Amino acid sequence: MLYPIENKIREVKNLNGIWNFKIDTDNVGIEEKWYEKPLSDAVPMAVPASYNDLFTDQESKEHVGNVWYERDFIIPDSWSGKRIVLRFGSATHHAVVYVDGVEVVHHKGGFTPFEAEITELIENSSVEEHRLTVALSNVLDWTCIPCGEVITEDDEKHPDGYHYQETYFDFYNYSGIHRPVKLYTTPKKYIDDIVIRTTNDGKVEAFVFSTDIIKKISVIDEDGNVVASIDEIEKATVDSDHKKDDDMYVTELKIDNPTLWNPGVAYLYKLKVEGEEDVYTEEFGFREIEVTDKEFLINGKSFYFKGFGRHEDSDIHGKGLDEALNVRDFNMLKWIGANSFRTSHYPYSEEHMKLADREGFVVIDEVPAVGMCFWDGNSVYGGDRVNEDTLKHHLDMLKEMYERDKNHPSVVMWSIANEAATHEEGAVSYFEKVVKTMRSLDDTRPITIVHTTGPEGDKVSQWVDVICVNRYYAWYTDHSHIEVIGQQLELEMNKWYDKYHKPIIMSEYGADTIAGYHKLPAVAFTEEFQCEYLDEFHKTFDKLDFMIGEHVWAYCDFQTKQGLNRVDGNKKGVFTRNRQPKAAAHILRKRWRNK
Ligand code: GCB
């Protein structure tokens with residue numbers, strides 16, 4: 001799916017700002033058709049943002065079910081005759097969108113964009129101000145990724161009863177319209193999608209899906225020079241179902257001595273596609289990936305992943321897009337000498353991915369498949385938990401992630417799940433299908449899966465290219481005994497390697513650390529402990545030649561649900577939630593800047 005851009009043909013109208021908002025306390029709004037008229041008793045709400053931390057009362061913050069968003073918008077006369085599209089960068093997790101009381105789109109999945117063409121509705125309408133209403137649900141069940149379930153406590157010990165959203169993942173279930181809402185125009189005949197594939201000898205393959213007739217395709221370098229151009233473009237047969245209204249154009253361009261996109265030294269070209277009516281420009285880079293049994297090669301050079309598992313998370317905004325925060329984050333990642341990160345545990349905003357391209361960061365792009373306990377049982381994948389509907393949604397999410405991120409040079413690998421129960425029988429046929437789907441979407445990028453399961457039990461890594469392992473020796477096991485880290489790490493990593501002969505990334509390791517808490521000798525939760533803890537891992541990584549990276553958990557402290565081992569969130573950040581360094585940041589900086 002293309003990002004909405006402005007040019008001489010296309011216009012974009014931003015709908016961010018203050019909307020009307022109402023909590024559907026008894027979840028009756030759909031039944032009572034609240035979308036048919038303006039919301040009563042609405043309160044102001046910021047978009048984009050999570051709504052949770054903007055409230056001061058527990059009930060609103062923790063509401064399980066629907067909330068309603070609403071605002072007016074006006075279509076300028078100058079847009080008449082154009083195709084008009086309403087687009088959400090994301091809405092977490094299920095949205096039903098109405099314009100003037102008519103449903104225009106619904107979407108399941110909290111971390112990918114969706115849109116609705118509303119041209120006809122606008123053309124047939126006589127009102128000047130249109131009403132945009134969104135019913136948004138934060139409910140997670142076993143048909144969703146991430147997985148969850150709503151639990152009701154109403155036995156004799158809980159005579160008044162209460163219910164809550166149970167989640168099987170360690171981040172707060174922030175909800176809201178998290179990313180920008182935009183209206184954009186295209187001509188009636190338009191460019192629908194572009195897939196760009198490159199090789200480092202300067203070959204650019206462009207696949208353009210369009211209802212417009214494509215006349216010209218050019219490659220433009222960073223100085224604005226047209227370095228290749230073609231104006232005879234043949235139509236090909238479209239083989240994909242969902243683009244059945246489009247024609248497909250396939251073409252190949254060649255440029256001499258391309259400047260490559262390299263980690264830390266990004267170089268972005270633009271592909272300009274010109275149709276009879278429409279024009280679209282998409283950024284891309286030249287870079288090639290290869291995986292051997294012990295190496296991850298980017299442009300033929302061995303790449304070692306240094307960085308973090310992260311979250312989109314901050315005070316007040318929750319998971320809402322904050323461009324200032326993103327800029328600060330990339331500056332801090334550069335400061336510490338990181339070269340990469342994983343979008344744990346869901347695709348980050350499009351704005352984030354664009355920055356990664358531009359700043360030369362290497363990204364492992366993760367689908368929101370977290371909390372996937374299979375629990376062996378009688379039905380398809382495991383009892384009443386992960387089931388056929390979960391799989392269907394998982395495959396949909398892979399597709400949406402791919403369609404959104406396919407042209408980003410920063411994305412070097414897809415992560416198909418975090419910590420699924422891959423030792424269970426149900427996981428085998430499930431993940432075989434997941435990997436097959438991911439490969440059929442993209443045969444140019446390697447695939448990984450992130451494990452908590454150990455090498456003895458794992459039943460699915462034969463299908464992936466790189467193995468990612470999350471490990472908390474001396475934290476969740478042998479708590480505080482950092483002397484066990486080296487031995488346990490070496491033993492386990494060797495087992496993984498002996499079993500699969502594939503390169504391994506330590507995709508999570510870390511210890512909760514309260515900023516400003518110091519003690520000698522070190523005890524758990526102090527800054528000293530975090531430093532010593534990480535050092536122990538590093539000594540062993542440096543001995544194992546099949547280890548191709550280290551991603552500390554986590555980049556920053558972040559919010560989680562309440563729990564006995566979470567004092568206002570997860571404190572494994574190397575930086576505080578407010579993006580300031582703990583002592584471990586200096587250890588990592590020294591190591592990574594010299595590695
Ligand atoms: C993990 C999870 C991550 C948690 C982390 C922790 O293995 O992948 O989401 O936050 O452990 O700190 O427990």
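Each ligand, and each atom within it, is numbered from 1 in the order the structure gives. Please read all numbers here as calculations on a predicted model, not as lab measurements.
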Search all heavy atoms of Arg593 against all heavy atoms of Lys334 and return the closest pair with its distance. NH2-O, 3.7 Å

With Glu62, which residues qualify under side chain to side chain contact (heavy atoms under 4.5 Å, CB included), at least two apart? Gln58, Tyr172

Partners of Thr152 by side chain to side chain contact (heavy atoms under 4.5 Å, CB included), sequence neighbours excluded? Asp154, His163

Collect the protein residues that have a non-hydrogen atom under 4.0 Å from ligand 1 and hand them over in chain and number order. Asp170, His345, Asn418, Glu419, Asn470, Tyr472, Tyr476, Glu508, Trp553, Phe558, Arg566, Asn570, Lys572

Taking salt bridge (charged side-chain N to carboxylate O under 4.0 Å, His left out) as the criterion, tell me which of Glu351, Glu312, Glu350 meets it with Arg179. Glu312

Tell me every residue that passes side chain to side chain contact (heavy atoms under 4.5 Å, CB included) with Lys539, counting only those two or more places apart in sequence or in another chain. Glu536

Should the pair Lys354 and Tyr3 be classed as cation-pi, given the thresholds of under 6.0 Å to the six-membered ring centre and 45° from the axis? yes

